[in-house]
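Below, chains carry the letters A, B, ... as their sequence lines are ordered, and counting in each starts from 1. Atom set for the values below is all heavy atoms of this structure, side chains included, hydrogens, waters and symmetry mates excluded.
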Amino acid sequence: MGGEKNAKGDEKAKHKPTKLKRLSDHESAAGDKASTKNSAKSLKSTEKTHNGRSQMKGKTPKKDSVKTASSPSEAVKQEQEDDDFTTKQRGLKRKRIKDEPMEGPSHSTATPSSSSKRKRNQHRQEEECDEEAPKKSKKKTEKTVKKEEGEHLISKKAKKTKTEIEEAKQLKIKKKEEEEQSRWRWWEEEKYEDGVKWKFLEHKGPYFPPEYQPLPDNVHFYYDGKKVKLSLAAEEVALFFAQMLDHEYTTKTVFRENFFTDWRQEMTDEERKLIQDLDKCDFGELSAMHKAKVEARKNMTKEEKLAVKEANQLIVDEYGFCLLDQHKERIGNFKIEPPGLFRGRGEHPKQGMLKKRIQPEDVIINCGKESCIPVPPAGHRWKKVQHDNSVTWLASWTENIQGLIKYIMLNANSKLKGEKDWEKFEVARKLKSRVDDIRNQYNKDLKSKEMVVRQRAVALYFIDKLALRAGNEKEEGESADTVGCCSLRVEHITLHEKLEGNECVVEFDFLGKDSIRYYNKVPVIRRVFKSLTLFLESKKAGDDLFDRLTTSILNKHLSALMPGLTAKVFRTYNASITLQQQLKVLTNKSDNLAEKILSYNRANRAVAILCNHQRAPPKTFDQSMANLQAKIESRKEQLSLAKSELKEAKKEAKTKGSDPKLQQLVERKKAAVQRCEEQLLKMEVQATDREENKQIALGTSKLNYLDPRISVAWCKKMEVPVDKIYNKTQRDKFAWAIDMTEEDFEF
DNA sequence: CAACTCACTTAGCAGAGTTCTA
DNA sequence: TAGAACTCTGCTAAGTGAGTTG
């Protein structure tokens, strides 16, 4: 997988923005007061950020350093240029990004209106427990509504259906209200004192995966052509391997060797003596059995599927929630990870190793002192039960591959996660008010004679300009060879005095998190270029580019500049500020809904490109694109047909005088043409959006880097329903933002 | 200060679930 | 109304960064 992906990355890399022009003083658009209904309860870490911020606009050397804004917009432009061919073909006129500065500073005057502090809604447990049933019925009613709407055009039962529709609507509204009611509006409450995450926490403990079911008698494993009955433990592991046989990674040497070693550990002495060579193992029947099972599951009847679903729901109901400070909260991952073969990302040295089954004896439980302690599965006991309210996790265990601790924590829509998320964006907003100074500082530091300082400055320049990750060092041989900023090595950059018409170009080529390739050619300021030359002096491939620098040095420096500032804050800041800016540049109030959404996606895309969030092109991409194109073509034909019909009708109406019937016909034809045009436009917009999105993943930035208040404010301003931008899960996660943000919010 | 531990965020993918289309 | 297309969710790996220890 990883390899494939990288190869794709290669291709993709060529489309990456190479020219990085500066947009303008994006920071000038600063009105940075929060416009939130209830910032009365301001986050502790936030203080009142925006006082006496010395902007030093103009006289700073930031000209070259401020790319953050320009680069992504440039990326969009580039994307658009790449796409021009198809665009022209489709005759779709697209918006271009102007190089001009954005409109002047928009002074958001919105004062933190003292919050209309609604009383905390005490949650009603019984109702929530029952959540599922009404939800289902709601869906059903929705469907019937649709159906009936269609029917009622032809049938005479209109009266009856009308009332039913009305009822359904009422039900829907009521349901929504109820949901609102039961939602914990934690953002309107006081925060706990430092370090305290909760006061009461009760849960059922994790859910364990089912025990291994031995193979049926008619399924056999063969070694060297001979039937071998394996011990239970060995058999289970053999089946793990058999299940993966379709993946190309089972052909990789590292994977096979790791697997074989670990598998033999599970064997009895006898088995170990016999089974010496993986190539002589025949997993054919096991594999076939597995495939049959998958197939059977797919072919289950509706009822069977429903039964499975209900059974799963029961598990969720029992284990999927906890009680936290009198509120029922959803747990994010309440299931213990099942055993299997480890498959890391990229060229992971431990791929193929056996991920062992976790027993209750491996699990630490964390819960409130006064809560009911979860009961371990029969015949078992927990490793430990603790009551530490300075952490957010409910259970943890140590995984055997890398010895890392795994946690069971709450869902993203929980208070604990939401509050932290909010805080994160507040820190990033604070950076916004300080970023000019910080940029000045590192630009000065670029001249420093002290090596650490100089390296720190260059690293910071990269982190700020390119949104690189910090790049903690990692143990060799423990994981795939990937790097971030501070861990860049000599072989990851190439310096070009001149390249493609630009001077001082740095060419990056390395594998980052998840072994995703980062490839980019970036013109940098002379001082950075010179420093890099210096850093590279007398170093060879394999040596660290920043040999005096670590993430911890860098972060210490940053936190001295601004409390709470770390390397990753730059990523958040630059992502969010880019979105806000791009939205301003790209959307007009007069656009129609589809165009607005396209613009939003483009702004989102600019961020995704900045953060290098890639995805493998969907397997069906080419096909679905072709289908869409075909649809567009046929719609075009329809349109020209409709047009000629309209002409005809007009002519007739003219020649034959003012027959009202003919006038009517003209009107009808006109409407048809218009409808056709609208549909065509919609499709073309859709095609453009999809094409541009081929290898870009928008989800990650949307979920983790973009301050939701920017999106919510934009929706309000543009009169776009929030659910066009966020799905249900996302709306839940960002409920705090949706609730408190007003139209004039500025990041 | 280096190595390690711990807690928490960020990440892409597979497969399930939902919607669209012929 | 099936099957294709698309979207969402769960899963779990892989980061970040603070704190601890020796």
Item to complete: Verify, without hydrogens or angle tests, whether A:Asn574 (side chain) and A:Phe570 (backbone) share a donor-acceptor contact under 3.5 angstrom.
Response: yes

Practice prompt. Name the residue closer to the 5' end of DNA chain B, choosing between A:Gln386 and A:Lys513 according to the nucleotide with the nearest heavy atom.
Written response: A:Gln386

Discussion item. Need to verify one output field. Residue with the more 5' nearest nucleotide on DNA chain B, A:Asn704 or A:Asn312?
Written reply: A:Asn704

Discussion item. Quick check with a 6.0 Å cut-off and a 45 degree axis cone: is A:Lys702 positioned over the face of A:Tyr600's six-membered ring?
Written reply: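 Geometry flag: not set, cation outside 6.0 Å or 45°.
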
Discussion item. Against the six-membered ring of A:Phe342, is A:Lys350 placed for a cation-pi contact (under 6.0 Å from the centre, within 45° of the normal)?
Written reply: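 Not satisfied by the 6.0 Å and 45° rule.
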
Worksheet item: If you measure only the distance, is there a donor-acceptor pair under 3.5 Å linking the side chains of A:Asn693 and A:Arg605?
Response: yes

Worksheet item: Is it the case that A:Thr566 and A:Asn555 place a side-chain donor and acceptor less than 3.5 Å from each other?
Response: no

Under 4.0 angstrom, heavy atoms only, what part of the nucleic acid is [X] near: base, sugar-phosphate, or nothing?
{"X": "A:Gly471", "answer": "sugar-phosphate"}
{"X": "A:Ser479", "answer": "nothing"}
{"X": "A:Ala480", "answer": "nothing"}
{"X": "A:Lys350", "answer": "nothing"}
{"X": "A:Gly699", "answer": "nothing"}
{"X": "A:Ser552", "answer": "nothing"}
{"X": "A:Asn727", "answer": "sugar-phosphate"}
{"X": "A:Lys355", "answer": "sugar-phosphate"}
{"X": "A:Lys568", "answer": "sugar-phosphate"}

Counting only side-chain nitrogens and oxygens, does [X] get under 4.0 Å of the OP1 or OP2 atom of [N]?
{"X": "A:Tyr705", "N": "B:dT9", "result": "no"}
{"X": "A:Lys417", "N": "B:dT9", "result": "yes"}
{"X": "A:Arg571", "N": "B:dT9", "result": "no"}

Could you check how far [atom1] of [X] sits from [atom2] of [N], rounded to whole Å?
{"X": "A:Asn389", "N": "B:dA7", "atom1": "CG", "atom2": "C1'", "value": "15 Å"}
{"X": "A:Asp544", "N": "B:dA2", "atom1": "CG", "atom2": "P", "value": "13 Å"}
{"X": "A:Ile405", "N": "B:dA7", "atom1": "CD1", "atom2": "P", "value": "6 Å"}
{"X": "A:Leu703", "N": "B:dG12", "atom1": "CG", "atom2": "P", "value": "12 Å"}
{"X": "A:His247", "N": "B:dA14", "atom1": "NE2", "atom2": "C1'", "value": "8 Å"}
{"X": "A:Met409", "N": "B:dC6", "atom1": "CE", "atom2": "P", "value": "13 Å"}
{"X": "A:Arg297", "N": "B:dA16", "atom1": "CZ", "atom2": "P", "value": "6 Å"}
{"X": "A:Asn612", "N": "B:dA11", "atom1": "CG", "atom2": "P", "value": "10 Å"}

Discussion item. Closest-nucleotide mapping onto DNA chain C: is A:Phe621 or A:Asn555 further toward the 5' terminus? I mean the 5' end.
Written reply: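 Looking at DNA chain C, the more 5' nearest nucleotide goes with A:Phe621.
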
Worksheet item: How do A:Glu473 and A:Arg330 order along DNA chain C: which one's closest nucleotide is nearer the 5' end?
Response: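 The residue whose closest nucleotide sits nearer the 5' end is A:Arg330.
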
Practice prompt. Would you please indicate yes or no on a ring centroid separation below 6.0 angstrom for A:Phe462 and A:Phe508?
Written response: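 Yes, the ring of A:Phe508 comes within the 6.0 Å limit of the ring of A:Phe462, centre to centre.
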
Worksheet item: Does the ring center of A:His203 lie less than 6.0 Å from the ring center of A:Phe334?
Response: no

Worksheet item: Where the side chain of A:Tyr407 is defined as all heavy atoms beyond and including C-beta, which of B:dA7, B:dC13, B:dA11 is the nearest nucleotide?
Response: B:dA7

Discussion item. Reading DNA chain C from 5' to 3', where do the contacts with chain A start and stop? Cut-off is 4.0 Å to heavy atoms.
Written reply: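 Contact span on the strand: C:dA5 to C:dA18.
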
Discussion item. A quick test of your reading: do over 12 heavy atoms of other residues, nucleotides or ligands sit less than 6.0 Å from NZ of A:Lys305?
Written reply: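 Yes, because the 6.0 Å sphere around NZ of A:Lys305 holds more than 12 heavy atoms from other groups.
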
Worksheet item: What are the two closest heavy atoms between A:Pro209 and A:Pro339, and how far apart are they?
Response: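 That closest heavy-atom pairing would be CG-CD, 4.4 Å.
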
